[in-house]
Structures are given as structure tokens and as C-alpha cells.
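Here the structure is laid out as C-alpha cells; the discussion comes afterwards.
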Protein chains: 2
Amino acid sequence: MARLRKLMLERLMRYYQFLAELTAGNPVSNVTSAQIAEVLDVDPTQVRKDFRSIGLMGMGRVGFDTCEVCRTIRIVLGFDLDYEAVLVGTGHLGTAMLAYSGFARYGLRIVAAFDSDQDKVGEEIAGYSIKSTMLMKSYVETSGIRLAVLTTPPGASQELTDRLVSAGVTAIWNFSPTRLTVPAGVFVRHEHISVGLSEISHHLKP
Amino acid sequence: MARLRKLMLERLMRYYQFLAELTAGNPVSNVTSAQIAEVLDVDPTQVRKDFRSIGLMGMGRVGFDTCEVCRTIRIVLGFDLDYEAVLVGTGHLGTAMLAYSGFARYGLRIVAAFDSDQDKVGEEIAGYSIKSTMLMKSYVETSGIRLAVLTTPPGASQELTDRLVSAGVTAIWNFSPTRLTVPAGVFVRHEHISVGLSEISHHLKP
DNA sequence: TAGATTGTTAATCGATTAACAATC
DNA sequence: TAGATTGTTAATCGATTAACAATC
């Protein structure tokens, strides 16, 4: 599968969410590119092109088979697979993420939570017994985990990242407000709320 | 100031963050477009164009005045102004946001926290005494708040949004996993983690 | 001065939109 | 069949990159 562009991944995700909403109450067998385009404020041609590029075929006068679209997007985005992840940093945000049950439907499963604060070790949050980051490396190595969710304070992020990478992690979902340096081959997705903030701030400006 | 494109806002934010990092330890008086471009993985011409478009002038052989760049970006993005916001929904995520001290440097100040759960009302979180959402409308109206941070469970989001909008809110920072319908003129920034998730998921796919 | 860096114009690239014959 | 909707090609639009004279 060629090089799916970032923008398209985002659109696929939006299509998927919309279809999930659409079929939530009553099952809907078909959906047209125009319907999707209208709600998501994109061009109908765009929708058809995106669908075509992941192998979906529509039917003249009918549109697309809703289930088939959902199923295909799930496969392309990898939601049908099960990804195990460790979470590092059990502050407020880390706690929020441990308690959030919505990841499961995207195939993400947090299997362990770590913290450097020895006072927190052993505590229980949302069913997770917090482990010491001293045990992190061996845990990741043994269980072959490749994904880490980073919800640590800025100061600690880089060092923990280094340890995670050396233990075999190849993808980091970074929620700490810090730029991370990683070796080639390791993927970092940095969620900086500041991007949203800049839009809002700019919008509110008199 | 014309119509700054979303992409550029994002880049301005990244420039700003980088410069903040750069000058954190030791003050650096000048910075070149090439330096910024290298670290942020964009084209140097892009940097110069962006700077030019917000009125920044560089100097041949020297580059740009670091302080001036920071100051100008702050003004363009509106960080120098003070925005008051209410937070609605004091679950784990809401709590994390109330406790987060990083918003202040972007000019955002959360002045009150609301929850619909009467058992929570009166509780204290990070110095905020939780108020009932029944008092929300009058509070927003009286204090002239225009921004709301929404960290509510999916089911409640739309109704609370309607109430916020009717009270005069014109911008909503939506962290609930729900699409919101708002009248024209109201700005919604929807932070769907699912976008990041789709990238990570796609990346980890075998 | 010589050389690095800017500002700006032109060229390229890619993404979005329009048009329309083919299809169910 | 008639009409709505697709798939695909062509046209447009905008963003990124390259080139280079002007500048400090």
C-alpha cells in the first residue's frame, strides 16, 4: 500500500467516525459520497477518490455499501488489529487516559502503566497497578511492546523515551509538551495542544 | 490581517515553541531561517515567507532578531492578550486541564469549572471550586466569557454546547469525542485524538 | 571586501475541484 | 427507461521549493 498521505489518513478517520455515528441508531445500508461530503464539508469527488484509493467500489445510483466502507477503513487504518501499549507517567492526563475506554474500538490496549515516583508505585488506577519505571525496560522487552503513550512531565520525557526505544519501542504517542529526539525508524506522534490553542486564540482576537 | 491559513498558524506556533526552547537556557540574539528550517524540517524559504507575511524583516548575513520574532508571533497568535474561559466537565481530563499550568503562557486562563453531577459541586480541584452547570448560563453571561473548554462525556456535549452558545460563548475547545452542531459564527476546535491514533495505528501495521 | 543570508520572483509540485461519460 | 450516482480525466488552485539578485 503505497504512501498514504497524512491528510488522507485524517479524512479516512473522519469518514469512519461519521459512518459510526450514522449507523449507531438505525442500520443504514448505503451512503453516497454527496451525503458524506455534505456533513464533513469536503468535496464529493474527494470522498470518491479516497474510497477508490483504498479499493472501494461504489454503485451508480446507490452509493457505497456502508458496512463495506467501515470494514475497509478499519483494515486500512489498522483498527482490526490489536496493539498493546504501555503508558508512562500517571499524572492527571495519564490517569485520564487509563480511565478512557474509547481506545479499545480502535484496537489500542494499554497493558501497563509506569511512573518514576516510588510513592505512586503499587497504587491502583482504573484497574492498573502502577509499576516502577525501573522495571519498564524489562517489561517492554519481555512482552515485545512496540508502542508507548507518554504522559510525563517535560523534564523526564527525553530520558524515558531513550529507555523505551532501547527496549524496543518503535512508536511513541507523545502527550508531553516536549520535542523528542529519536533514532531513525522510530515514529513519534506529538500531540501539542498548542496547535489548537493557536487557532482558538487567533479566532478570539478582536 | 487577511485570512491567515490554518497551516501557517500551526507553523507559527512551531517556530515559537522552538525559539522558546532555544532561548530557554542561554539568550540567543539572532536566528537564521536555515537554523529554524533544519530543526523543524521545513524549507528555509517557507520560514522567511511566513515571517515576511507577519511583517518581520530579517537582516542579510545575520538572520532574524530572536526577541522580535517571538514578540511578533505572540501578537499575531494573540498570546499577549488574556482570554478567560470556563471549563465544563470535571472528569479525569477536565481535572488534568484544570491542573495544567502551561496555558497561562499562551494567554488562556480558566476562571471557573462546571459539572452537572450535583455530588461533585462544591468539591475543590486544583484550586477551583466546582460549580453546578445550572449556574453556568448566568455566570457566562455576567462575566462575558466567550470561550469554553468542553471536557464532558459524549452524551452531554451537545446540550451543554447549546446552553453555552445561548449564554454568549463564541468559541468552543471540544475535547469530548462528539461532533458538535453550532450556529454560524461560533468557532469549534475539535481535538479528536483519533487522528493521532490513525497515524500511529497505520504506522504500526505490519 | 567577501560571504552568508535575506526577500522575491518563477517553477514545480500536489491537492482540490469541475466536468462528464459510464453505470446501475 | 430515466435519473441519480459513480469513476476518471482535465482544469484549477494553492502551497512548496528553487533560483538568484539585493543586502548587510
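Because the structure is a prediction, the values reported are computed rather than measured. Below, read A as the first sequence line, B as the second, and so on, with proteins coming before strands; counting in each chain starts at 1.
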Any salt bridge between A:Arg14 and A:Glu10, counting N to O under 4.0 Å? no
Base paired to C:dA21 (Watson-Crick or G-U; both N/O distances under 3.5 angstrom):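 When the pairing criteria are applied, D:dT6 turns out to be the nucleotide that pairs with C:dA21.
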Could you check which nucleotide pairs with D:dA15 in any of the strands shown, counting Watson-Crick or G-U wobble with both distances under 3.5 Å?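 Base-paired to C:dT12.
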Choose from D:dT6, C:dG7, D:dT8 the nucleotide whose nearest atom is closest to any side-chain atom of B:Phe64.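 For B:Phe64, the side-chain atoms sit closest to C:dG7.
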Which nucleotide in D:dT8, C:dT6, C:dT16 has an atom nearest any side-chain atom of A:Leu7: C:dT16
Report the distance from atom [atom1] of [X] to atom [atom2] of [N], rounded to the nearest whole Å.
| X | N | atom1 | atom2 | result |
| --- | --- | --- | --- | --- |
| B:Asp65 | C:dT6 | CG | P | 13 Å |
| B:Arg52 | D:dT23 | CZ | P | 13 Å |
| B:Lys6 | D:dT16 | NZ | P | 14 Å |
| B:Leu40 | D:dT16 | CG | C1' | 16 Å |
| A:Asp50 | C:dA15 | CG | P | 11 Å |
| A:Asp43 | D:dT6 | CG | C1' | 14 Å |
| A:Gln46 | C:dG14 | CD | C1' | 12 Å |
| B:Arg11 | D:dG14 | CZ | C1' | 12 Å |

When the ring planes of B:Phe51 and B:Tyr15 are compared, do they come out parallel, tilted or perpendicular, using 30° and 60° as the limits?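 Perpendicular, since the angle between the ring planes exceeds 60°.
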Assign the ring pair B:Phe114 / B:Tyr139 to parallel, tilted or perpendicular, where the plane angle (0 to 90°) is split at 30° and 60°.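 Aromatic pair B:Phe114/B:Tyr139 classed perpendicular.
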Please check the phosphate of D:dT6 (OP1 and OP2 only) for any side-chain N or O of A:Ser33 closer than 4.0 Å. yes
Checking side-chain contact (heavy atoms from CB on, under 4.5 Å) for the pair B:Arg74/B:Tyr16: CA distance, chi angles, key distance, verdict? CA-CA 8 Å; B:Arg74 286 183 71 85; B:Tyr16 183 73; 2.4 Å; yes
Is there a donor N/O on one and an acceptor N/O on the other, under 3.5 Å, for the side chain of B:Lys49 and the base of C:dT6? no
Looking at C:dG7, does its base get a donor-acceptor pair with the side chain of B:Arg48 below 3.5 Å?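 Side chain to base: pair present.
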Can you work out whether A:Arg61 or B:Met57 has the more 5'-proximal nearest nucleotide on DNA chain C?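 Result: B:Met57.
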Applying a 4.0 Å non-hydrogen cut-off, can you work out what A:Thr32 is touching in the nucleic acid: base, sugar-phosphate, or nothing?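 Contact class for A:Thr32: sugar-phosphate only.
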A:Tyr83-A:Tyr106 aromatic ring centre distance below 6.0 Å: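 For A:Tyr83 and A:Tyr106, the ring centres are not under 6.0 Å apart.
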